[in-house]
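The structure appears below as structure tokens.
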Amino acid sequence: MESGPAIFAGAVFSLFGAALLVWTGVRVRRREPVAQGVNQIASATLAGLAAVVAVGLGGWVLTRL
């Protein structure tokens, strides 16, 4: 009964992180800004770091079932 919310949370974190990682990669490859008015390298680094953390957190939650 308690594993349902954990599965949902792990899936949400993993999907969000993966989508953010793909979106950031596409923006960087096209040399488009990741965030308006911010240094491209800094914004891409921060978005990539957030994506990796989200995927890692989702994986961690799913392994704790």
Taking side-chain contact (heavy atoms from CB on, under 4.5 Å) as the test, write out the residues that go with [X], two or more places apart.
| X | value |
| --- | --- |
| L15 | none |
| V28 | T24, V34, A44 |
| A51 | L20, L21 |

| message | Quick test of your reading: applying side chain to side chain donor-acceptor pair (under 3.5 Å), list the pairs with at least one residue in residues 50-65, sequence neighbours left out, ordered by first then second residue. | response |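 Every candidate side chain to side chain donor-acceptor pair (under 3.5 Å) pair involving residues 50-65 fails, so no pair, neighbours aside, qualifies.
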| message | Tell me whether I41 at atom CD1 has more than 12 heavy atoms from other residues, nucleotides or ligands lying less than 6.0 Å away. | response |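 Check fails, neighbour count at 12 or below.
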| E32: what forms a side chain to side chain donor-acceptor pair (under 3.5 Å) with it, not counting sequence neighbours? | R27
| query | With side chains defined as the heavy atoms from C-beta onward, is the minimum distance between S14 and L62 less than 4.5 Å? | reply | yes
| task | Kindly give the cluster partners of V12, where membership spreads through any ILVMFWY side chain lying under 4.5 Å from a current member. | result |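 Result for V12 is F8.
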| task | Work out which heavy atom in F16 is nearest to a heavy atom in A54; give both atom names and the distance. | result | CD2-CB, 4.1 Å
